[in-house]
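Accompanying notes for the structure given below.
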Amino acid sequence: MVRGKLILICQVGGEFVTNNDGSLSYGRGDAHALDISSETGFDDLKVKLAEMCNFECDSLSIKYFLPGNKRTLITIANDKDLKRMKDFHENSVTADIFVMGKEGFDPRSLDLNANRETGIKQAETVTAAGASRSAANTPTTSKVAPRKKSRNAKPADSVNAVNETPRSHSRSAVTSKKSRAARTASDDGVDVNLTPNGTETTADATDHSPDTIDMSATPADTVKKRRRTASWRFGANGPAIVSVTEDDEESQEMTKSTPRRKNSRARWLDSVTKDVEQQIDSESWSDDSDSDSLVPSSSNNSIRKLVASWKKGITGEGQDFKGVQEFREALQKFAIAHRFGYKMRKNDATRVSGFCVAEGCPWRIVASWVPSERVFRIKKMNETHTCGGESWKSAHPAKNLLVNIIKDRLKDSPHHKPKEIAKGILQDFGLQLNYSQVWRGIEDAREQLQGSYKEAYNQLPWYCEKIEEANPGSFAKLLIGDEKKFQRLFLSFHATIHGFESGCRPLLFLDAISLKSKYHEMLLTATALDGDDGIFPVAFAIVDVENDESWRWFLEQLRSAVLTSQPITFVSDKDKGLMKSVLEVFENSHHGHSIYYLMDSYIRNLKGPFQGEGRASLPGNLLAAARAVRHDGFKMFAEQIKRVSSIAYDWIMQNEPEYWANALFKGELFSQITFDVAESYANWVEEAWELPIIQKVEFLRCKVMELINSRQTDSSKWSTKLTPSKEEIVKEESFKARYLKVLFSSDTLFEVHDTSINVVDLNKRECSCVTWKATGLPCCHAIAVFNSTGRNPYDYCSRYFTVDCFRTTYSESVNPVPAIVNPGVREEAMPDDEQVLPPGNIRAPPPMKKYKRSKSHDIIRRSVCCTRCKGVGHNKATCKETL
């Protein structure tokens with residue numbers, strides 16, 4: 001997605017037609033343009049599409065094609081599918097989607113999402129026939145109907161701004177209209193806003209101050225720009241709205257008088273309250289005849305019904321319960337529903353008495369166990385409250401109740417943040433919680449849902465056994481340190497070992513990713529590339545600390561798992577200093593420096609002065625120098641860098657080009673891989689960071705299993721000789737070869753005339769341009785010879801790039817481990833000698849030592865460069881040179 005935005009070309013009303021080549025085309029329909037951002041959710045998009053296309057929301061079906069693949073339709077059914085679609089089109093401005101469903105839009109589905117910031121903006125409607133042309137030429141900001149500008153909005157931002165529902169404290173009545181009328185008014189240039197209950201108001205700058213949201217802004221920018229017009233307070237009569245000035249005065253007074261730690265907690269709680277108050281201001285409220293306090297009408301009707309049922313949990317004297325625990329839970333919920341706080345005077349298994357915490361309030365309750373009837377009965381209850389809700393300020397929810405509420409929310413969304421949960425509980429139940437309360441509740445809830453984080457380490461020996469049983473030929477090695485603490489776990493599956501040895505180039509990328517866990521373990525990975533340059537996980541390890549010792553141990557286990565006679569090329573971040581360990585463990589191997597990390601370091605260290613083409617040309621020239629297969633080509637691009645910046649040239653030469661430049665490197669070439677190979681692992685970890693270790697490892701195993709299975713399925717549909725990316729390269733070289741002149745020297749030796757003269761030797765499978773040998777694919781000169789002699793170019797391609805070899809890579813599958821979804825506790829008691837304790841890293845360990853050059857050799861300095869005279873050591877304001 002370009003700049004975090006994507007324009008969806010939504011095609012509807014047409015039909016798919018199968019072409020002669022098996023591809024699908026869509027025609028005879030209409031198309032609409034819709035802008036989405038990186039934060040747009042599936043539910044929001046679904047409602048917007050249903051409204052725009054007049055479809056029933058539940059019947060809506062959204063499909064799209066993968067870039068370059070018009071044969072298979074992919075369905076978007078949830079947020080994860082939508083994220084994948086955005087990732088597939090991350091470098092595109094537009095994407096085609098196809099919308100189908102049953103006619104008849106229900107406006108109530110719009111009401112449920114009226115208060116949500118969706119990041120969706122409708123653009124102009126286009127015809128299906130012109131959809132592809134519009135997609136090609138559509139700018140990143142689409143044309144929208146004219147709107148009134150906010151006073152605070154800059155003119156340049158007006159195109160990217162949308163208006164939120166205006167907040168008003170008055171309960172003025174408005175006339176309800178249909179959404180179609182709203183669209184008509186908007187088309188005429190009148191700014192129409194929809195209130196949460198489906199009514200419309202015409203935006204007027206004199207009456208309201210709607211917020212303006214910049215669609216290109218980050219979430220932090222949006223929070224900074226958000227205007228708060230009211231604050232939520234619990235007064236004598238329950239919840240009340242107060243002005244911002246009161247908020248600010250109280251917060252300043254608190255800042256002066258409270259310690260820093262308490263002050264930070266108070267600021268966190270204040271930010272949660274202010275977020276909730278903005279939702280409260282824009283929501284409708286319903287009065288309850290049983291209570292003087294107001295209860296927000298949430299879009300989730302089940303929560304309102306639940307709280308309403310709590311109000312009837314305590315009915316009065318003579319009510320019976322099965323036991324004291326049931327009574328306590330009913331009393332807690334009763335107090336929350338009626339918004340008052342209470343304390344226990346006596347609280348044991350046979351007798352419970354409680355009173356309202358507000359001084360002078362007569363509310364009381366007494367209940368006790370009745371042995372003859374075996375029930376817990378309310379004996380006395382004074383239902384009168386004179387505190388007017390004042391006791392609600394002192395209310396503290398019981399731990400079990402709080403954990404159950406949080407647990408229900410984590411079931412729906414496991415990645416909820418503490419602030420989001422606190423905001424939701426405050427909005428739904430009126431409970432004001434600080435950060436530590438919510439965090440402890442989250443930990444307890446996750447332990448109930450997923451099992452104990454600490455006890456999960458005890459399952460690792462059992463899990464290693466099951467992995468090797470379910471996947472014969474796999475390697476699972478667990479290392480336990482002193483005091484039975486976990487140190488390292490190595491895993492390599494038979495399917496990945498077989499795939500690497502049988503179908504992948506002898507090339508492995510080494511990297512490390514943080515697991516973001518409570519004990520700060522690190523994930524070490526060894527990743528190969530398949531014939532289509534896709535990542536292929538070979539092995540990974542979880543270690544307590546990333547250091548030279550843990551990396552060496554990982555390489556030793558990898559050496560035991562991978563039994564190949566070919567010298568392997570290892571690629572890693574130069575700063576990790578892994579070369580020594582690699583060359584000691586893997587004899588006759590090669591080690592190179594990752595282009596991805598090298599480029600990152602290069603860009604960070606680029607300092608002026610710059611001449612000629614300027615700084616912008618330097619990254620491209622570095623990449624061209626790395627990919628040049630001839631020494632003279634490398635030297636030419638290095639000289640171009642030198643003409644722009646001699647400092648950058650010296651940096652390149654001192655960063656050992658013999659370990660990353662194609663022209664100088666002696667191992668398997670890898671400079672074409674400029675992306676982050678470990679990104680997939682990082683994304684996987686991001687999805688499972690909160691899981692206990694054994695479930696986290698199982699999650700990684702499932703991801704590898706899914707990856708292998710999906711590529712088995714994809715490759716079964718290929719009909720070409722080579723993988724898609726390599727097939728494209730051969731076609732490009734074949735096009736270049738059409739007009740080359742070929743002279744015969746012998747049956748196997750040829751001279752090809754291009755801008756220069758190149759010699760092709762078929763016996764050695766070499767061309768003097770060196771491209772054939774470097775890439776494994778015939779260059780245009782070799783293909784010209786094949787065309788002249790009637791040979792097939794595919795017979796001279798490296799076997800690693802053939803579809804048959806690709807299928808061999810993914811021919812084996814990773815088998816699931818039985819009964820690992822919820823491992824629980826083993827039936828037999830675990831012996832003391834098999835117990836595994838978590839690592840001792842409660843705090844994050846120091847990062848791995850970076851291997852850097854000494855200061856005498858590190859020529860890159862942070863220096864000030866003058867843009868006026870190009871001199872160093874001063875800027876334009878202090879420049880004294882006469883020009």
Side-chain angles (χ1 to χ4, degrees), residues 1-12 14 16 23-27 29-42 44-46 48-49 52-53 61-99 118-144 159-160 162 214-218 532-535 596 619-620 623 672-676 679-680 683 710 714 723-725 727-729 731-732:
M1 296 170 62
V2 179
R3 297 179 183 176
K5 298 180 183 177
L6 187 65
I7 299 176
L8 297 182
I9 306 300
C10 312
Q11 305 201 39
V12 61
F16 288 100
S23 62
L24 299 174
S25 59
Y26 189 85
D30 294 329
H32 307 270
L34 193 68
D35 294 358
I36 65 172
S37 69
S38 57
E39 308 212 344
T40 300
F42 172 72
D44 301 321
L45 176 63
K46 186 176 179 181
K48 186 63 179 177
L49 289 175
M52 185 172 63
C53 303
S61 176
I62 310 171
K63 299 180 182 294
Y64 69 98
F65 288 117
L66 292 177
N69 181 355
K70 297 292 184 181
R71 297 171 180 266
T72 306
L73 282 168
I74 308 298
T75 301
I76 303 176
N78 50 46
D79 286 318
K80 188 176 292 186
D81 293 339
L82 180 60
K83 182 179 182 300
R84 288 198 190 100
M85 190 272 288
K86 294 175 185 176
D87 293 341
F88 285 136
H89 295 86
E90 62 181 351
N91 296 322
S92 304
V93 177
T94 63
D96 286 316
I97 64 171
F98 307 94
V99 184
T118 63
I120 303 178
K121 186 170 56 174
Q122 185 174 355
E124 61 184 358
T125 302
V126 296
T127 62
S132 58
R133 293 193 301 273
S134 299
N137 300 317
T138 304
T140 56
T141 55
S142 58
K143 184 177 179 181
V144 296
V159 176
N160 290 330
V162 294
D214 188 352
M215 298 298 286
S216 63
T218 64
D532 202 36
D533 283 344
I535 68 157
Y596 174 80
L623 192 57
Q672 77 277 10
I673 308 302
T674 56
F675 59 87
D676 184 8
E679 184 178 4
S680 293
N683 293 336
S710 65
D714 292 342
T723 60
S725 62
E727 183 75 25
E728 199 64 32
I729 294 174
K731 286 182 179 179
E732 291 175 2

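Phe675 approaches Asp533 most closely through the heavy-atom pair CZ-O, 4.0 Å. Nearest approach of Thr40 to Lys86, heavy atoms of both residues: O-NZ, 2.8 Å. Between Ser92 and Leu6, the closest heavy-atom pair is O-CD1, 3.7 Å. Across all their heavy atoms, Val99 and Cys53 have their closest contact at CG1-SG, 4.3 Å. Taking every heavy atom of both residues into account, Tyr64 and Phe98 meet most closely at CA-CD1, 4.3 Å. Smallest separation of non-hydrogen atoms from Leu24 and Phe65: CB-CZ, 3.7 Å.
Within the model, atoms CD1 of Ile62 and CG of Leu49 stand 5.0 Å from one another, a figure rounded to the nearest 0.5 Å. Rounding to the nearest 0.5 Å places CG of Leu82 at 10.0 Å from CG of Asp44. Between atom NZ of residue Lys63 and atom CD1 of residue Ile76 there is a gap of 10.0 Å, rounded to the nearest 0.5 Å. The structure places CZ of Phe16 at 9.5 Å from NZ of Lys70, a figure rounded to the nearest 0.5 Å. We find the OG1-CD1 distance between Thr94 and Ile97 to be 11.5 Å, quoted to the nearest 0.5 Å.
Using modelled atom types, no side-chain atom of Asp79 and backbone atom of Gly41 make a donor-acceptor pair closer than 3.5 Å. In this structure, the side chain of Asp532 does not engage the main chain of Gly534 through any donor-acceptor pair within 3.5 Å.
Counting non-hydrogen atoms of neighbouring residues, nucleotides and ligands closer than 6.0 angstrom, the OH atom of Tyr596 reaches no more than 12 such neighbours.
Residues Leu8 and Met85 meet the side-chain proximity criterion, which asks for heavy atoms closer than 4.5 Å. Within the 4.5 Å cutoff, the side chain of Leu34 has heavy atoms near those of the Leu45 side chain. Val12 has its side chain out of reach of Met52: every pair of non-hydrogen atoms, C-beta onward, lies at least 4.5 Å apart.
Shown are His89, Lys83, Arg84; of these, the side-chain hydrogen bond (donor to acceptor under 3.5 Å, both in side chains) with Asp87 is made only by Lys83.
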